[in-house]
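Remember, predicted model here, so these are calculated numbers, not experimental data. In what follows, chains carry the letters A, B, and so on, assigned in the order in which the sequence lines appear, proteins first and then strands, with residues in each chain numbered from 1.
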There are 2 protein chains.
Amino acid sequence: MARELQHGATIWDVARKAGVSITTVSHSLNGKGNISDATRERVRSVAAEMGYVADAMARGLRNSRMNAIGLVFRSLDSLGNYGPNGVDVFMKLAGAAAAETLNRNLGLMLVPDLTRAPLPPFSLSLDGYIVFAPHLDDPVIALLEKRGIPYVSWDRDPGRPGFRNWVAHDDAASTLIVLDHLAAAGAVSIAYVGGTDRNAWNFDCEAAYVAWCLEAGAEPRIHHVPERDGVEGGQEVGARILADGLPGAVFCLTGRHATGVAQAMQERGFSIPGDVLVCTGSDSEHSRQHQPPISALDVDIPAAAAALVQQLVDVMDGAKEPAPVLLPARFLERESTRPQTTPSR
Amino acid sequence: MARELQHGATIWDVARKAGVSITTVSHSLNGKGNISDATRERVRSVAAEMGYVADAMARGLRNSRMNAIGLVFRSLDSLGNYGPNGVDVFMKLAGAAAAETLNRNLGLMLVPDLTRAPLPPFSLSLDGYIVFAPHLDDPVIALLEKRGIPYVSWDRDPGRPGFRNWVAHDDAASTLIVLDHLAAAGAVSIAYVGGTDRNAWNFDCEAAYVAWCLEAGAEPRIHHVPERDGVEGGQEVGARILADGLPGAVFCLTGRHATGVAQAMQERGFSIPGDVLVCTGSDSEHSRQHQPPISALDVDIPAAAAALVQQLVDVMDGAKEPAPVLLPARFLERESTRPQTTPSR
DNA sequence: CAGCTACACAAAAACGTTTTTGTTCCGTAC
DNA sequence: GTACGGAACAAAAACGTTTTTGTGTAGCTG
């Protein structure tokens, strides 16, 4: 049952039917060259009637532009898991970016990992890349640099201070918002749980936490768990935190760690938010579904996607001098950090 | 500041450096032709050393295979919203499909809408398509058929009974699971709320509901709300349902409708699950975040993605005779349908 | 009326592959 | 000693565009 791949009409078919050369067809459709209005219109109607669409690969081959960009998720790569429960930020971003690229008549390609061989077929032919959460000295970025492929990143690569084509949340400001909120809710001692990926998010939030503690005269209580350890890792660190004494609040960067910490606390008989507050810097399915639901920093995904695509297009056009874009974050207060109104016992 | 787009090495560069013709390079790398082992190995090492990767567009132009497939979300198109809150199923599927295609060395392209002009550039050059939730007589499918582009769909197109390249949940069985569960939890009269999109999901679930009512000797109570009306639409239909008398349970196909229905009930002083049970056939952020959390049918996204990609590859290769794949669904019991254990007042 | 310009279009080159068809060399059989 | 065949490679065509260069005609100038 060999499938008959019937290719669409080519530029030759259109030329023949319109009684002109292929040059004229190309020029007519692309608004170039010197064609009389009558001819141009006739060619256009013939093309439309035949449903002619220029072959993307031939066009791309000719002018080395394929009108598509790539989206690569670095932190997901390190998580080794693309069927994500709890990392839905990434997938929402993909959807928002797809909508944004459509408006600019660009395709969006999901590229899982650029460093793993064999390379996804035409990952290197794409016009540009959005790199989500690059690591320190990220090899994917090194590859893109070497190939001269334009890119922007969500969060900066901490190892490339001179690079300015990135969009990110203002992690320092966000961290302060969270810590101030926890303090206002009555927490005196606030523990911090970060990941081990060496990315700007981990670095900046921790730095902001340390600065805040210094300011507040509090002793920093910093813990690290590998991102991939997920909820279980959170449970372990929860135990470690308790070993040092019950804090007033725990701020975990990832939603899965926060969920694990909350579980550890609750298993040991502490109530949330009665005895200890818990919140996360990154919302996830886990944090939403937990009982009580866990407060989180919220991300305006469509705005982030729009900023990233806009910046990438700017870079590809070489139009503007690049400048980082900082987006504000919003704190989503849920029950886990809400001052108690109804008596729990 | 014109960016210097430095193209990678071409097959000519490799040929020159290895002292052979481009034919020999191509054959060496692709394991074709009649090349001595010594030459083949030498060419390969030269190519590797230069970091040569065959240009995807030239290769695609030559053998009309671009090694990438498209993913198009029909129901999202009708929802007109790609920054989805409450439709995260789609984005998870995209991630899972991306992982699945990588394993097969295929690229995955997100294509928002194939019928809107201007067409995304090389949407028609892709090797195949996964169509998510096609409508009745879906124009996207018609376009793919006309162009001879292979495709598989998630859910069948109800207007194409002969087409067999689809993967879906067993909607009839799932509906019965839900209804039986509601009945077991004590609901006597069960209202049904479906969408207005003319897709198989709506059709099959409603048919199963009607059959179940017939069997149980109950009067069907069917309501419809446009998918795009979301939570507000659910609130309205909730009011309509109450106008006919409080049912024992309401089964809403979409999570956003279910949320709206639950809100309407609660605003009027009815407790969930105390006075009325509510559940949904499609989990969403809304249904999870609602208080109480709303029970839902759960979808094994990675399994669905794997099945879809596998089937599409089969179709593209023309290998196997196509056959529909039916996946089982799982019922996620949450508080909204759980028999009460703690007294609520 | 020669020469120039502008116009409207056509021919051909180029993009980087893969594949089909040639070519050369060498060993072997008749 | 000529014919044959296979091994190892090279040349060239083809994929469908875009863009550069070319060509012929008409209108205008001096």
Side-chain angles (χ1 to χ4, degrees), chain A residues 5-44 46-47 50-68 119 121-127 147, chain B residues 5-44 46-47 50-68 119 121-127 147:
Chain A
L5 211 166
Q6 63 196 54
H7 274 110
T10 76
I11 198 172
W12 281 101
D13 301 327
V14 178
R16 197 170 321 131
K17 195 153 185 176
V20 294
S21 76
I22 59 166
T23 311
T24 304
V25 174
S26 177
H27 282 165
S28 296
L29 297 179
N30 297 333
K32 302 200 171 171
N34 203 340
I35 309 284
S36 71
D37 284 352
T39 306
R40 195 180 294 271
E41 205 40 59
R42 183 163 48 87
V43 170
R44 282 191 166 153
V46 168
M50 299 177 72
Y52 168 76
V53 179
D55 181 86
M57 285 179 287
R59 167 179 281 173
L61 176 58
R62 171 60 221 226
N63 55 15
S64 57
R65 259 219 160 216
M66 89 178 299
N67 290 313
L119 232 56
F122 52 111
S123 40
L124 296 181
S125 305
L126 293 166
D127 298 332
R147 291 274 171 176
Chain B
L5 210 165
Q6 62 195 56
H7 274 110
T10 76
I11 198 172
W12 281 101
D13 302 326
V14 178
R16 197 171 321 130
K17 197 154 184 176
V20 295
S21 76
I22 60 165
T23 311
T24 304
V25 175
S26 177
H27 281 166
S28 296
L29 297 179
N30 297 333
K32 303 201 171 170
N34 201 342
I35 311 284
S36 70
D37 284 352
T39 307
R40 195 181 292 271
E41 205 39 60
R42 183 162 49 87
V43 169
R44 280 189 168 157
V46 168
M50 300 178 71
Y52 168 77
V53 179
D55 181 86
M57 286 178 287
R59 167 178 281 173
L61 176 58
R62 172 59 221 228
N63 54 15
S64 58
R65 259 220 160 213
M66 90 180 297
N67 289 314
L119 232 56
F122 52 111
S123 39
L124 296 181
S125 305
L126 293 167
D127 299 332
R147 291 274 170 174

**Study point:** Sidechain-backbone polar pair: A:D13 side chain, A:A9 backbone, donor-acceptor under 3.5 Å
**Key:** no

Review point. Among the nucleotides C:dT17, D:dT17, C:dC15, which one has an atom lying closest to any side-chain atom of A:R59?
Key: D:dT17

**Study point:** Interatomic distance where CG belongs to A:N67 and P belongs to D:dT17 [whole Å]
**Key:** 14 Å

Practice item. Using whole Å, report how far CZ of A:R16 lies from P of C:dA10. Key: 14 Å

Exercise for review: Let me see the working for B:V53 and A:R147 under side chain to side chain contact (heavy atoms under 4.5 Å, CB included), right down to the final yes or no.
Suggested key: CA-CA 11 Å; B:V53 179; A:R147 291 274 171 176; 3.9 Å; yes

Practice item. Please state how far atom CG in A:D55 lies from atom C1' in C:dC15, giving the value in whole angstrom units. Key: 13 Å

**Study point:** Nucleic acid contacts of residues 29-39 of chain B, taken as heavy-atom distances under 4.0 Å to DNA chain C
**Key:** B:N30, B:K32

Point to revise | NZ-CE distance between A:K17 and A:M50, expressed to the nearest 0.5 angstrom | key: 5.0 Å

**Study point:** Nearest-0.5 Å distance that lies between atom CZ in A:R40 and atom NE2 in A:H27
**Key:** 9.0 Å

Check your understanding: For the helix from C:dC1-D:dG30 to C:dC30-D:dG1, what angle lies between the axis at the first five pairs and the axis at the last five pairs, to 10 degrees?
Key -> 70°

Exercise for review: To the nearest 0.5 Å, tell me how far A:I22 CD1 sits from A:R16 CZ.
Suggested key: 11.0 Å

**Study point:** Whole-Å distance separating the CZ atom of A:R65 from the P atom of D:dG16
**Key:** 24 Å

Check your understanding: Does the side chain of A:L61 reach to within under 4.5 Å of the side chain of B:D55, using non-hydrogen atoms?
Key -> yes

Check your understanding: Base, sugar-phosphate alone, or nothing: which one does B:S26 contact when heavy atoms must sit under 4.0 Å apart?
Key -> base

Check your understanding: In Å and rounded to the nearest 0.5 Å, what is the OG to CZ distance from B:S125 to B:R65?
Key -> 13.5 Å

Polar atoms only, N or O, under 3.5 Å: list the protein pairs with nucleotides 22-28 of chain D and their distances.
none

Practice item. Could you tell me whether a side-chain N or O of B:R44 sits under 3.5 Å from a main-chain N or O of B:T39, the two making a donor and an acceptor? Key: no

Check your understanding: Is there a side-chain contact between B:M57 and A:F122, using heavy atoms and a 4.5 Å cut-off?
Key -> no

Exercise for review: For the pair A:D127 (side chain) and A:A68 (backbone), establish whether a donor and an acceptor sit closer than 3.5 Å, ignoring hydrogens and angles.
Suggested key: yes

What are the atom names and distances for every N/O pair under 3.5 Å that joins the protein to nucleotides 11-14 of chain D?
unit_1: D:dA11; atom_1: N7; unit_2: B:T23; atom_2: OG1; d: 3.2
unit_1: D:dA11; atom_1: N6; unit_2: B:T23; atom_2: OG1; d: 2.7
unit_1: D:dA14; atom_1: N3; unit_2: B:R62; atom_2: NH1; d: 3.2

Exercise for review: Mind jotting down which residue pairs meet the salt bridge (charged side-chain N to carboxylate O under 4.0 Å, His left out) criterion with at least one end in residues 26-37 of chain A? Sequence neighbours excluded, please.
Suggested key: none

Study note, to complete from the structure: B:L124 atom CG is separated from D:dG16 atom P, nearest whole Å, by 14 Å

Point to revise | Atom-pair distance (CZ on A:F122; C1' on C:dG16), nearest Å | key: 16 Å

Check your understanding: How close do B:A15 and B:V25 get, heavy atom to heavy atom, and via which atoms?
Key -> CA-CG2, 3.6 Å

Review point. So, is A:T24 near the phosphate of C:dA10, with a side-chain N or O under 4.0 Å from OP1 or OP2?
Key: yes

Practice item. Evaluate the criterion side chain to side chain contact (heavy atoms under 4.5 Å, CB included) for residue pair B:R42 and B:I35; output intermediate values, then yes/no. Key: CA-CA 11 Å; B:R42 183 162 49 87; B:I35 311 284; over 6 Å; no

What are the atom names and distances for every N/O pair under 3.5 Å that joins the protein to nucleotides 24-26 of chain C?
none

Exercise for review: Calculate, to the nearest 0.5 Å, the distance between atoms CD1 and OG belonging to A:I11 and A:S21 respectively.
Suggested key: 8.5 Å

Check your understanding: In whole angstrom, what separates A:W12's CH2 from C:dA10's P?
Key -> 10 Å

Review point. So, the side chain of A:S28 versus the backbone of A:T24: is there a donor-acceptor pair under 3.5 Å, distance only?
Key: yes

Check your understanding: Can you tell me how far C1' of D:dC9 sits from CD of B:E41, to the nearest Å?
Key -> 18 Å

Check your understanding: Atom OH of A:Y52 and atom CH2 of A:W12: how far apart are they, to the nearest 0.5 Å?
Key -> 12.0 Å

